[in-house]
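All chains are named by letter (A, B, ...) in the order of the sequence lines, taking the proteins before the strands, and each is independently numbered beginning at 1.
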Protein chains: 2
Amino acid sequence: MDDVNANALTDTLSFRLGVLGPLVSARFAGAVEPLGVKPKHVGLMAVLSAGAPASQQELARVMSVVPSLVVGLADQLEELGAIERVRDPADRRRHRLSLTDAGRELLAACLAAAAALDAELTASLGVRDREVLLRLLGVLAREAGLPA
Amino acid sequence: MDDVNANALTDTLSFRLGVLGPLVSARFAGAVEPLGVKPKHVGLMAVLSAGAPASQQELARVMSVVPSLVVGLADQLEELGAIERVRDPADRRRHRLSLTDAGRELLAACLAAAAALDAELTASLGVRDREVLLRLLGVLAREAGLPA
DNA sequence: TATTGTTATACTCTATAACTATA
DNA sequence: TATAGTTATAGAGTATAACAATA
(Lines give C-alpha, C1' and ligand atoms only; values in the text may rest on other atoms or scores of the structure.)
Protein backbone atom coordinates (compact mmCIF):
# COMPACT_ATOMS: atom_id res chain seq x y z
CA MET A 1 0.00 0.00 0.00
CA ASP A 2 2.97 2.24 0.58
CA ASP A 3 4.45 1.17 -2.70
CA VAL A 4 2.16 1.32 -5.68
CA ASN A 5 4.06 -1.56 -7.20
CA ALA A 6 3.77 -3.67 -4.10
CA ASN A 7 2.72 -7.22 -4.81
CA ALA A 8 -1.03 -7.35 -4.46
CA LEU A 9 -0.90 -10.77 -2.85
CA THR A 10 0.45 -9.30 0.34
CA ASP A 11 -2.51 -6.94 0.26
CA THR A 12 -5.04 -9.71 0.68
CA LEU A 13 -6.70 -10.55 3.95
CA SER A 14 -5.92 -14.21 3.41
CA PHE A 15 -2.21 -13.60 3.09
CA ARG A 16 -1.99 -11.33 6.10
CA LEU A 17 -3.97 -13.65 8.31
CA GLY A 18 -1.94 -16.61 7.10
CA VAL A 19 1.29 -14.85 7.98
CA LEU A 20 0.22 -13.21 11.23
CA GLY A 21 -1.46 -16.31 12.62
CA PRO A 22 1.62 -18.50 13.04
CA LEU A 23 3.68 -15.53 14.15
CA VAL A 24 1.26 -14.58 16.90
CA SER A 25 0.82 -18.22 17.88
CA ALA A 26 4.56 -18.64 18.23
CA ARG A 27 4.84 -15.60 20.45
CA PHE A 28 1.91 -16.71 22.56
CA ALA A 29 3.45 -20.15 22.85
CA GLY A 30 6.64 -18.60 24.11
CA ALA A 31 4.70 -16.54 26.63
CA VAL A 32 2.84 -19.48 28.18
CA GLU A 33 5.73 -21.94 27.99
CA PRO A 34 6.98 -21.00 31.48
CA LEU A 35 3.51 -21.96 32.71
CA GLY A 36 4.03 -25.47 31.38
CA VAL A 37 1.38 -25.34 28.67
CA LYS A 38 1.06 -24.85 24.93
CA PRO A 39 -1.61 -23.03 22.97
CA LYS A 40 -3.71 -26.17 22.49
CA HIS A 41 -3.78 -26.75 26.24
CA VAL A 42 -4.96 -23.20 26.70
CA GLY A 43 -7.63 -23.73 24.06
CA LEU A 44 -8.89 -26.79 25.89
CA MET A 45 -9.05 -24.95 29.19
CA ALA A 46 -10.85 -22.07 27.52
CA VAL A 47 -13.53 -24.41 26.21
CA LEU A 48 -13.98 -25.98 29.63
CA SER A 49 -14.14 -22.54 31.20
CA ALA A 50 -16.84 -21.47 28.80
CA GLY A 51 -19.30 -24.22 29.64
CA ALA A 52 -20.20 -27.26 31.67
CA PRO A 53 -17.88 -30.24 32.16
CA ALA A 54 -17.43 -31.83 28.78
CA SER A 55 -16.53 -35.22 27.38
CA GLN A 56 -13.34 -35.58 25.39
CA GLN A 57 -15.36 -36.13 22.25
CA GLU A 58 -17.15 -32.86 22.75
CA LEU A 59 -13.87 -31.10 23.36
CA ALA A 60 -12.41 -32.57 20.19
CA ARG A 61 -15.38 -31.45 18.15
CA VAL A 62 -15.38 -27.89 19.45
CA MET A 63 -11.63 -27.61 19.05
CA SER A 64 -11.71 -29.08 15.55
CA VAL A 65 -9.14 -31.68 16.42
CA VAL A 66 -9.21 -35.44 16.50
CA PRO A 67 -10.26 -37.13 19.78
CA SER A 68 -6.93 -38.89 20.18
CA LEU A 69 -5.23 -35.54 20.42
CA VAL A 70 -7.40 -34.54 23.37
CA VAL A 71 -6.15 -37.56 25.29
CA GLY A 72 -2.61 -36.26 25.50
CA LEU A 73 -3.64 -32.69 26.19
CA ALA A 74 -5.95 -33.79 29.00
CA ASP A 75 -3.27 -36.12 30.41
CA GLN A 76 -0.85 -33.25 30.72
CA LEU A 77 -3.40 -30.83 32.13
CA GLU A 78 -4.37 -33.45 34.67
CA GLU A 79 -0.74 -33.87 35.69
CA LEU A 80 -0.56 -30.13 36.21
CA GLY A 81 -3.64 -30.36 38.38
CA ALA A 82 -5.47 -27.99 36.06
CA ILE A 83 -8.35 -30.33 35.20
CA GLU A 84 -10.20 -33.23 36.74
CA ARG A 85 -11.28 -36.34 34.90
CA VAL A 86 -14.20 -38.19 36.41
CA ARG A 87 -16.11 -41.05 34.89
CA ASP A 88 -19.67 -40.20 34.00
CA PRO A 89 -21.79 -42.46 36.26
CA ALA A 90 -24.58 -42.39 33.68
CA ASP A 91 -22.31 -43.65 30.91
CA ARG A 92 -19.13 -45.14 32.19
CA ARG A 93 -17.43 -44.85 28.82
CA ARG A 94 -17.33 -41.10 29.16
CA HIS A 95 -14.96 -38.90 31.07
CA ARG A 96 -16.28 -35.60 32.24
CA LEU A 97 -13.51 -33.04 32.27
CA SER A 98 -13.70 -29.92 34.38
CA LEU A 99 -11.40 -27.12 35.45
CA THR A 100 -9.99 -27.16 38.96
CA ASP A 101 -9.29 -24.02 40.94
CA ALA A 102 -5.65 -24.38 39.93
CA GLY A 103 -6.82 -24.68 36.34
CA ARG A 104 -8.77 -21.46 36.61
CA GLU A 105 -5.71 -19.73 37.97
CA LEU A 106 -3.59 -21.16 35.19
CA LEU A 107 -6.10 -20.04 32.60
CA ALA A 108 -6.14 -16.57 34.12
CA ALA A 109 -2.36 -16.42 33.82
CA CYS A 110 -2.63 -17.43 30.16
CA LEU A 111 -5.23 -14.74 29.63
CA ALA A 112 -2.86 -12.20 31.15
CA ALA A 113 -0.15 -13.38 28.75
CA ALA A 114 -2.53 -12.98 25.81
CA ALA A 115 -3.53 -9.51 26.96
CA ALA A 116 0.12 -8.51 27.27
CA LEU A 117 0.81 -9.81 23.78
CA ASP A 118 -2.21 -7.91 22.48
CA ALA A 119 -0.78 -4.75 23.95
CA GLU A 120 2.53 -5.34 22.19
CA LEU A 121 0.89 -6.09 18.87
CA THR A 122 -1.36 -3.07 18.95
CA ALA A 123 1.20 -0.68 20.40
CA SER A 124 0.89 1.59 17.40
CA LEU A 125 -2.90 1.42 17.26
CA GLY A 126 -5.35 3.69 19.00
CA VAL A 127 -7.88 2.27 21.42
CA ARG A 128 -10.63 2.76 18.88
CA ASP A 129 -8.78 0.93 16.11
CA ARG A 130 -7.96 -1.86 18.46
CA GLU A 131 -11.61 -2.37 19.35
CA VAL A 132 -12.61 -2.29 15.71
CA LEU A 133 -9.97 -4.84 14.79
CA LEU A 134 -11.06 -7.18 17.56
CA ARG A 135 -14.69 -6.88 16.54
CA LEU A 136 -14.03 -7.48 12.85
CA LEU A 137 -11.92 -10.53 13.57
CA GLY A 138 -14.77 -11.79 15.72
CA VAL A 139 -17.11 -11.47 12.77
CA LEU A 140 -14.65 -13.38 10.61
CA ALA A 141 -14.35 -16.12 13.21
CA ARG A 142 -18.09 -16.57 13.30
CA GLU A 143 -18.28 -16.48 9.55
CA ALA A 144 -15.74 -19.29 9.50
CA GLY A 145 -17.89 -21.31 11.87
CA LEU A 146 -15.67 -20.98 14.89
CA PRO A 147 -16.78 -21.31 18.49
CA ALA A 148 -15.13 -18.01 19.37
CA MET B 1 -19.05 -10.20 23.58
CA ASP B 2 -22.53 -11.51 22.97
CA ASP B 3 -22.41 -13.34 26.26
CA VAL B 4 -21.27 -11.35 29.25
CA ASN B 5 -19.90 -14.55 30.76
CA ALA B 6 -17.97 -15.45 27.63
CA ASN B 7 -14.42 -16.49 28.32
CA ALA B 8 -12.29 -13.42 27.97
CA LEU B 9 -9.47 -15.37 26.35
CA THR B 10 -11.44 -15.76 23.17
CA ASP B 11 -11.85 -12.00 23.21
CA THR B 12 -8.15 -11.34 22.77
CA LEU B 13 -6.58 -10.42 19.50
CA SER B 14 -3.89 -13.04 20.05
CA PHE B 15 -6.39 -15.83 20.41
CA ARG B 16 -8.43 -14.83 17.38
CA LEU B 17 -5.41 -14.43 15.17
CA GLY B 18 -4.01 -17.71 16.39
CA VAL B 19 -7.22 -19.49 15.54
CA LEU B 20 -8.01 -17.75 12.28
CA GLY B 21 -4.51 -18.00 10.88
CA PRO B 22 -4.29 -21.78 10.49
CA LEU B 23 -7.90 -21.92 9.35
CA VAL B 24 -7.38 -19.39 6.59
CA SER B 25 -4.07 -20.97 5.65
CA ALA B 26 -5.72 -24.35 5.29
CA ARG B 27 -8.41 -22.96 3.02
CA PHE B 28 -5.87 -21.08 0.95
CA ALA B 29 -3.77 -24.23 0.70
CA GLY B 30 -6.79 -26.09 -0.62
CA ALA B 31 -7.47 -23.35 -3.15
CA VAL B 32 -3.96 -23.37 -4.65
CA GLU B 33 -3.41 -27.11 -4.43
CA PRO B 34 -4.84 -27.66 -7.94
CA LEU B 35 -2.14 -25.26 -9.15
CA GLY B 36 0.51 -27.59 -7.77
CA VAL B 37 1.78 -25.28 -5.05
CA LYS B 38 1.49 -24.74 -1.33
CA PRO B 39 1.36 -21.50 0.63
CA LYS B 40 5.11 -21.43 1.18
CA HIS B 41 5.71 -21.66 -2.57
CA VAL B 42 3.35 -18.76 -3.06
CA GLY B 43 5.18 -16.81 -0.41
CA LEU B 44 8.47 -17.36 -2.18
CA MET B 45 7.04 -16.24 -5.51
CA ALA B 46 5.53 -13.19 -3.85
CA VAL B 47 8.93 -12.18 -2.50
CA LEU B 48 10.54 -12.63 -5.90
CA SER B 49 7.76 -10.67 -7.51
CA ALA B 50 8.25 -7.78 -5.11
CA GLY B 51 11.91 -7.19 -5.88
CA ALA B 52 15.00 -8.06 -7.84
CA PRO B 53 16.29 -11.62 -8.32
CA ALA B 54 17.33 -12.86 -4.93
CA SER B 55 19.69 -15.43 -3.49
CA GLN B 56 18.29 -18.31 -1.52
CA GLN B 57 19.77 -16.91 1.65
CA GLU B 58 17.97 -13.63 1.12
CA LEU B 59 14.74 -15.47 0.44
CA ALA B 60 15.15 -17.49 3.62
CA ARG B 61 15.76 -14.39 5.68
CA VAL B 62 12.78 -12.49 4.31
CA MET B 63 10.52 -15.51 4.67
CA SER B 64 11.76 -16.20 8.19
CA VAL B 65 12.57 -19.79 7.35
CA VAL B 66 15.78 -21.74 7.33
CA PRO B 67 17.83 -21.75 4.10
CA SER B 68 17.58 -25.50 3.69
CA LEU B 69 13.82 -25.15 3.37
CA VAL B 70 14.20 -22.77 0.44
CA VAL B 71 16.12 -25.44 -1.45
CA GLY B 72 13.13 -27.74 -1.71
CA LEU B 73 10.66 -24.97 -2.44
CA ALA B 74 12.87 -23.60 -5.21
CA ASP B 75 13.42 -27.11 -6.61
CA GLN B 76 9.70 -27.63 -6.97
CA LEU B 77 9.03 -24.18 -8.40
CA GLU B 78 11.81 -24.74 -10.90
CA GLU B 79 10.24 -28.05 -11.94
CA LEU B 80 6.99 -26.20 -12.50
CA GLY B 81 8.86 -23.72 -14.66
CA ALA B 82 7.80 -20.91 -12.36
CA ILE B 83 11.29 -19.71 -11.45
CA GLU B 84 14.77 -19.71 -12.93
CA ARG B 85 17.95 -20.45 -11.04
CA VAL B 86 21.10 -18.96 -12.49
CA ARG B 87 24.51 -18.86 -10.90
CA ASP B 88 25.67 -15.39 -10.02
CA PRO B 89 28.75 -14.78 -12.21
CA ALA B 90 30.11 -12.37 -9.61
CA ASP B 91 29.91 -14.95 -6.83
CA ARG B 92 29.53 -18.45 -8.08
CA ARG B 93 28.33 -19.73 -4.74
CA ARG B 94 25.10 -17.85 -5.16
CA HIS B 95 22.03 -18.70 -7.14
CA ARG B 96 19.96 -15.83 -8.34
CA LEU B 97 16.31 -16.80 -8.44
CA SER B 98 13.81 -14.97 -10.60
CA LEU B 99 10.22 -15.44 -11.71
CA THR B 100 9.55 -16.65 -15.23
CA ASP B 101 6.54 -15.57 -17.27
CA ALA B 102 4.90 -18.83 -16.29
CA GLY B 103 5.73 -18.00 -12.69
CA ARG B 104 4.06 -14.63 -12.96
CA GLU B 105 0.96 -16.29 -14.38
CA LEU B 106 1.00 -18.84 -11.60
CA LEU B 107 1.36 -16.12 -8.99
CA ALA B 108 -1.53 -14.23 -10.58
CA ALA B 109 -3.68 -17.35 -10.30
CA CYS B 110 -2.75 -17.64 -6.62
CA LEU B 111 -3.65 -14.01 -6.12
CA ALA B 112 -7.03 -14.66 -7.69
CA ALA B 113 -7.51 -17.57 -5.29
CA ALA B 114 -6.62 -15.35 -2.35
CA ALA B 115 -9.01 -12.66 -3.53
CA ALA B 116 -11.80 -15.21 -3.86
CA LEU B 117 -11.11 -16.48 -0.36
CA ASP B 118 -11.12 -12.92 0.93
CA ALA B 119 -14.55 -12.43 -0.57
CA GLU B 120 -15.83 -15.55 1.18
CA LEU B 121 -14.35 -14.58 4.51
CA THR B 122 -15.70 -11.06 4.42
CA ALA B 123 -19.08 -11.94 2.96
CA SER B 124 -20.86 -10.47 5.95
CA LEU B 125 -18.71 -7.35 6.09
CA GLY B 126 -19.33 -4.07 4.35
CA VAL B 127 -16.77 -2.69 1.93
CA ARG B 128 -15.74 -0.11 4.47
CA ASP B 129 -15.18 -2.63 7.25
CA ARG B 130 -13.22 -4.82 4.91
CA GLU B 131 -10.87 -2.00 4.01
CA VAL B 132 -10.41 -1.10 7.66
CA LEU B 133 -9.67 -4.69 8.60
CA LEU B 134 -7.09 -5.02 5.84
CA ARG B 135 -5.42 -1.78 6.85
CA LEU B 136 -5.27 -2.64 10.54
CA LEU B 137 -3.80 -6.06 9.84
CA GLY B 138 -1.22 -4.33 7.69
CA VAL B 139 -0.26 -2.16 10.64
CA LEU B 140 0.04 -5.25 12.82
CA ALA B 141 2.21 -6.99 10.26
CA ARG B 142 4.60 -4.05 10.14
CA GLU B 143 4.59 -3.84 13.91
CA ALA B 144 5.59 -7.48 14.00
CA GLY B 145 8.47 -6.76 11.66
CA LEU B 146 7.04 -8.47 8.63
CA PRO B 147 7.95 -7.73 5.04
CA ALA B 148 4.29 -7.32 4.12
C1' DT C 1 38.38 -19.28 7.38
C1' DA C 2 33.70 -17.77 6.07
C1' DT C 3 29.65 -18.28 3.19
C1' DT C 4 26.17 -20.47 -0.27
C1' DG C 5 23.75 -24.06 -1.31
C1' DT C 6 22.79 -28.87 -0.39
C1' DT C 7 21.87 -33.22 1.94
C1' DA C 8 20.84 -36.08 5.88
C1' DT C 9 18.67 -36.33 10.04
C1' DA C 10 15.59 -35.24 13.81
C1' DC C 11 11.87 -33.00 15.96
C1' DT C 12 7.04 -31.17 16.54
C1' DC C 13 2.43 -31.38 15.62
C1' DT C 14 -1.46 -33.71 14.14
C1' DA C 15 -4.10 -37.31 11.86
C1' DT C 16 -5.40 -42.31 10.88
C1' DA C 17 -6.12 -46.77 12.36
C1' DA C 18 -6.39 -50.45 15.52
C1' DC C 19 -7.71 -51.82 20.23
C1' DT C 20 -10.36 -51.91 24.94
C1' DA C 21 -14.27 -51.06 27.65
C1' DT C 22 -18.62 -49.97 28.01
C1' DA C 23 -23.34 -49.47 26.03
C1' DT D 1 -23.29 -53.21 16.75
C1' DA D 2 -22.01 -48.62 18.09
C1' DT D 3 -19.51 -45.29 20.92
C1' DA D 4 -15.79 -43.19 24.36
C1' DG D 5 -11.39 -43.32 25.27
C1' DT D 6 -6.80 -45.00 24.41
C1' DT D 7 -2.61 -46.56 22.06
C1' DA D 8 0.33 -47.20 18.12
C1' DT D 9 1.67 -45.65 13.87
C1' DA D 10 2.28 -42.52 10.09
C1' DG D 11 2.45 -38.21 7.71
C1' DA D 12 3.34 -33.18 6.97
C1' DG D 13 6.12 -29.43 7.92
C1' DT D 14 10.14 -27.47 9.54
C1' DA D 15 14.54 -27.12 11.98
C1' DT D 16 19.45 -28.61 13.06
C1' DA D 17 23.69 -30.32 11.70
C1' DA D 18 27.11 -32.02 8.63
C1' DC D 19 29.02 -31.43 3.95
C1' DA D 20 30.74 -29.62 -0.78
C1' DA D 21 31.89 -25.80 -3.58
C1' DT D 22 33.42 -21.25 -3.79
C1' DA D 23 35.16 -17.03 -1.87
Side-chain angles (χ1 to χ4, degrees), chain A residues 18-19 21-33 36-44 47-48 52-79 83-98, chain B residues 18-19 21-33 36-44 47-48 52-79 83-98:
Chain A
V19 169
L23 192 137
V24 171
S25 288
R27 286 176 66 169
F28 181 67
V32 297
E33 195 201 6
V37 291
K38 300 188 175 184
K40 279 273 188 296
H41 297 112
V42 183
L44 197 160
V47 175
L48 283 183
S55 74
Q56 296 182 190
Q57 298 276 347
E58 289 165 344
L59 266 328
R61 189 161 25 76
V62 174
M63 294 175 68
S64 298
V65 297
V66 89
S68 62
L69 181 58
V70 177
V71 176
L73 295 173
D75 282 350
Q76 292 152 350
L77 287 172
E78 201 176 22
E79 270 181 38
I83 68 168
E84 269 181 349
R85 241 185 194 136
V86 302
R87 283 215 175 267
D88 184 339
D91 183 344
R92 291 182 42 74
R93 291 173 303 183
R94 296 193 183 195
H95 285 165
R96 298 189 79 81
L97 309 193
S98 56
Chain B
V19 169
L23 193 138
V24 171
S25 287
R27 286 176 67 169
F28 180 67
V32 297
E33 196 200 6
V37 290
K38 302 188 174 184
K40 278 275 188 294
H41 296 112
V42 183
L44 197 160
V47 175
L48 284 184
S55 74
Q56 296 181 188
Q57 298 275 348
E58 289 166 344
L59 265 328
R61 190 161 23 77
V62 174
M63 294 175 69
S64 299
V65 295
V66 89
S68 62
L69 181 59
V70 177
V71 176
L73 295 172
D75 282 349
Q76 291 152 351
L77 287 172
E78 201 176 23
E79 270 181 37
I83 67 169
E84 269 181 349
R85 241 188 195 135
V86 303
R87 283 215 174 267
D88 184 339
D91 183 343
R92 290 180 44 72
R93 290 173 303 182
R94 295 192 182 196
H95 283 166
R96 297 188 78 81
L97 309 193
S98 57

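Residues that satisfy the salt bridge (charged side-chain N to carboxylate O under 4.0 Å, His left out) test with B/Arg92, not counting sequence neighbours, are absent from this structure. Every residue two or more places apart in sequence or in another chain was checked for a side-chain hydrogen bond (donor to acceptor under 3.5 Å, both in side chains) with A/Gln57, and none qualifies. Residues meeting the side-chain hydrogen bond (donor to acceptor under 3.5 Å, both in side chains) test with A/Glu58, sequence neighbours left out: none. Remark: B/Pro22 engages no residue in a side-chain contact (heavy atoms from CB on, under 4.5 Å) (not counting sequence neighbours). With sequence neighbours excluded, the residues forming a salt bridge (charged side-chain N to carboxylate O under 4.0 Å, His left out) with B/Asp91 are B/Arg93, B/Arg94, listed by chain and number. Remark: A/Arg87 pairs with no residue by the salt bridge (charged side-chain N to carboxylate O under 4.0 Å, His left out) rule, at least two apart or across chains. A search for salt bridge (charged side-chain N to carboxylate O under 4.0 Å, His left out) contacts involving A/Glu84 returns nothing, not counting sequence neighbours.
DNA chain C is contacted by no residue of residues 24-32 of chain B, taking any non-hydrogen atom closer than 4.0 Å.
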Practice problem: Encode nucleotides 8-21 of chain C as B, S and - characters from 5' to 3', where the letter depends on protein heavy atoms closer than 4.0 Å: B to the base, S only to sugar-phosphate, - to neither. | Solution: -----SSSBB----
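Here A/Arg87 lies out of heavy-atom contact (under 4.0 Å) with every strand.
Closest approach to the B/Val71 side chain among C/dG5, D/dT7, D/dA4 is made by C/dG5 (side chain taken as heavy atoms from C-beta onward).
Sorted by first and then second residue, the salt bridge (Lys or Arg N to Asp or Glu O under 4.0 Å) pairs with a member in residues 21-31 of chain A read A/Arg27-A/Glu120; sequence neighbours excluded. Every pair passing salt bridge (Lys or Arg N to Asp or Glu O under 4.0 Å) that includes a residue from residues 62-77 of chain B is listed here, sequence neighbours excluded: B/Asp75-B/Arg85.
A/Arg92 has its CZ atom 16 Å from the P atom of D/dA4, to the nearest Å. Between B/Arg85 atom CZ and C/dT4 atom P there is a gap of 15 Å when expressed in whole angstrom units. For A/Arg96 and D/dG5, the CZ to C1' distance is 15 Å, given to the nearest whole Å. In this structure, CD of B/Gln76 is placed 12 Å from C1' of D/dG13, rounded to the nearest angstrom. Rounded to an integer number of Å, the gap from CD of A/Gln57 to P of C/dA23 is 15 Å. The CG atom of B/Leu73 sits 10 Å away from the P atom of D/dG13 (whole-angstrom rounding).
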Just the table, please: protein N/O against nucleotides 9-11 of chain D N/O, every pair under 3.5 Å.
none

